Enquirer: 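Have a look at the structure that comes next, please.
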Number of protein chains: 2
Amino acid sequence: MQEAVGPAAGLVRLSFLVQTLYGEAGRDCGLTTAQAQLLCTLAAGPTGMADLCTTLGLERSSLTGLVDRAEHRGLVERQSDPADRRAVRVALTRDGEKTIGRFHREITERLGRLLADLPAAERERFHRTLTKVTADAPAVFVD
Amino acid sequence: MQEAVGPAAGLVRLSFLVQTLYGEAGRDCGLTTAQAQLLCTLAAGPTGMADLCTTLGLERSSLTGLVDRAEHRGLVERQSDPADRRAVRVALTRDGEKTIGRFHREITERLGRLLADLPAAERERFHRTLTKVTADAPAVFVD
DNA sequence: TATTGTTATACTCTATAACTATA
DNA sequence: TATAGTTATAGAGTATAACAATA
């Protein structure tokens, strides 16, 4: 039933599969995909808006709205930067930390299941290639 | 500089990388991601709204809007189904065919570049595992 | 002047609920 | 009654352009 699938199609399918699982894990935690990405990034520590734009690949105005909504939900807070009065630093709240922790466990488990049926050696090789290919992708997620 | 990355993080990064390339290829062709997915699906032939919902994972009302906008842009058209007067079949227009063809070439090239630096044997193995893992993902894209 | 962020505005995407028409 | 689609409505996400404050 499964027609031959080229490398590009394989990548696209995997990508949409992961996005689906990502979305489901998010929904279980009350997060949209964009919010989950934001929180994952902030898990590394408080970050300025400009840096967040770069990491997330968003325009500044888009990020303003995203942070607004996340702040409104009590997931993040804006802090003023004593060194630069123009700048804003965004940090996880206690609740944001808990939420992203839960999300992290959810998505890790789902993705783990995706690879669970592979022989260990194959999984290892797959993971190594994955690491190579994504070497310079933004670190939107860290185990 | 590259910290160790677990299997889940690798999948997430690859996924966001592919999404970014997908979005860029789409923008170059005047397509949003959702529209590109719709058109890719329709490349297999005219399809009923209900089937499209299943393949794309959308609610019916969401699909109505998506098709509305694509139709408004002249990319798809609604056809009536002579066998069931409730049903609607969605088909690519000539322009839609051309556009999705261009998109297909764009995305294939970008994704090919992503894997271009891998040794042939590794790329082969990677692709084989990819095919296994995505065996029951919806065929939103076919080479 | 350049940078940091926000506001105003518009469009796309998506969902839920209520509705119409046909099977 | 069940199925195929649409409409109404609302919220989230995103971008461009214009703006304010600070460096």
Side-chain angles (χ1 to χ4, degrees), chain A residues 16 19-20 22-24 26-42 46-91 140, chain B residues 16 19-20 22-24 26-42 46-91 140:
Chain A
F16 281 100
Q19 291 297 314
T20 300
Y22 200 91
E24 284 174 11
R27 215 166 313 127
D28 284 358
C29 300
L31 296 175
T32 64
T33 296
Q35 286 167 358
Q37 284 183 83
L38 172 63
L39 268 56
C40 277
T41 304
L42 292 177
T47 312
M49 296 287 281
D51 285 351
L52 282 176
C53 281
T54 305
T55 304
L56 297 174
L58 293 177
E59 290 300 318
R60 285 168 304 166
S61 64
S62 306
L63 184 61
T64 295
L66 184 59
V67 170
D68 280 352
R69 290 182 293 272
E71 190 169 32
H72 192 251
R73 294 185 183 189
L75 298 168
V76 307
E77 61 181 9
R78 283 177 165 92
Q79 301 171 341
S80 51
D81 181 342
D84 184 342
R85 291 190 355 218
R86 294 171 305 180
V88 167
R89 276 152 42 105
V90 186
V140 174
Chain B
F16 280 101
Q19 291 297 314
T20 300
Y22 200 92
E24 284 175 10
R27 216 166 313 126
D28 285 358
C29 301
L31 296 175
T32 64
T33 295
Q35 286 167 357
Q37 284 183 83
L38 172 63
L39 267 58
C40 277
T41 305
L42 291 178
T47 313
M49 296 289 279
D51 285 350
L52 282 175
C53 282
T54 305
T55 304
L56 297 174
L58 294 176
E59 290 299 319
R60 287 170 301 166
S61 64
S62 306
L63 183 62
T64 294
L66 184 59
V67 170
D68 280 351
R69 290 182 294 272
E71 190 169 32
H72 192 252
R73 294 186 183 188
L75 298 168
V76 307
E77 60 180 9
R78 284 177 164 92
Q79 301 171 341
S80 52
D81 181 343
D84 183 342
R85 290 192 355 220
R86 296 171 303 178
V88 166
R89 278 152 40 105
V90 186
V140 174

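A note on names: the letters A, B, ... follow the listed sequences, proteins ahead of strands, and every chain is numbered from 1. Since we're looking at a predicted model, the values are computed, not measured.
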Enquirer: Hey, what do you get for CD (B:Gln37) to OG1 (B:Thr32), rounding to the nearest 0.5 Å?
Expert: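 Rounded to the nearest 0.5 Å, the CD-OG1 separation comes to 8.5 Å.
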Enquirer: Under 4.5 Å between any side-chain heavy atoms of A:Thr55 and A:Thr41, yes or no?
Expert: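 In short, these two side chains touch, coming nearer than 4.5 Å.
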Enquirer: Tell me: NE2 of A:His72 to C1' of D:dA12, nearest whole Å?
Expert: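 One finds 14 Å between C1' of D:dA12 and NE2 of A:His72, rounded.
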Enquirer: Tell me if a side-chain donor or acceptor on B:Thr20 pairs with a main-chain N or O of B:Phe16 at a distance below 3.5 Å.
Expert: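 Yes, B:Thr20 side chain to B:Phe16 backbone: donor-acceptor pair under 3.5 Å.
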Enquirer: Tell me the interatomic distance from B:Glu24, atom CD, to D:dA15, atom P, rounded to whole angstroms.
Expert: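 So the two atoms are 12 Å apart, to the nearest Å.
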Enquirer: Could you check whether B:Arg73 gets within reach of a base, just the sugar-phosphate, or nothing at all, counting any heavy atom under 4.0 Å?
Expert: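 It contacts sugar-phosphate atoms only.
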Enquirer: Without decimals, in angstroms, what is the distance between B:Arg27 CZ and C:dT12 C1'?
Expert: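 So the CZ-C1' distance, B:Arg27 to C:dT12, works out to 13 Å.
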Enquirer: To the nearest angstrom, how far is A:Leu31 atom CG from D:dG11 atom C1'?
Expert: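 That distance rounds to 16 Å.
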Enquirer: Looking at residues at least two apart in the chain, or sitting in another chain, which of them share a side chain to side chain donor-acceptor pair (under 3.5 Å) with A:Asp51?
Expert: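 By the side chain to side chain donor-acceptor pair (under 3.5 Å) rule, A:Asp51 matches no residue at all.
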Enquirer: Whole angstroms only, please: what is the CG-P distance between B:Asp81 and D:dG5?
Expert: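 Going from CG in B:Asp81 over to P in D:dG5 covers 8 Å.
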Enquirer: Whole angstroms only, please: what is the CG-C1' distance between B:Leu56 and C:dC13?
Expert: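 After rounding, the reported distance stands at 13 Å.
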Enquirer: Nearest whole Å is fine: how far is D:dT16 P from A:Leu63 CG?
Expert: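 About 15 Å, once rounded to whole Å.
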Enquirer: Are B:Arg78 and B:Asp68 close enough for a salt bridge, meaning some N to O gap below 4.0 Å?
Expert: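 So B:Arg78 pairs with B:Asp68 through a salt bridge.
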Enquirer: Give the minimum heavy-atom separation between A:Gln35 and A:Leu31, together with the two atoms involved.
Expert: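 Smallest interatomic distance, heavy atoms only, reads OE1-CA, 3.7 Å.
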Enquirer: I need a per-nucleotide contact map over nucleotides 14-23 of chain C, read 5' to 3'. Cutoff is protein heavy atoms under 4.0 Å; write B for the base, S for backbone only, - otherwise.
Expert: BBBB---BBS
Enquirer: May I ask you to say what A:Arg89 touches in the nucleic acid, namely base, sugar-phosphate or nothing, with a heavy-atom cut-off under 4.0 Å?
Expert: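 The residue A:Arg89 makes no contact with any strand.
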Enquirer: Tell me the interatomic distance from A:Gln79, atom CD, to C:dG5, atom P, rounded to whole angstroms.
Expert: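 For the pair A:Gln79 CD and C:dG5 P, the rounded distance is 13 Å.
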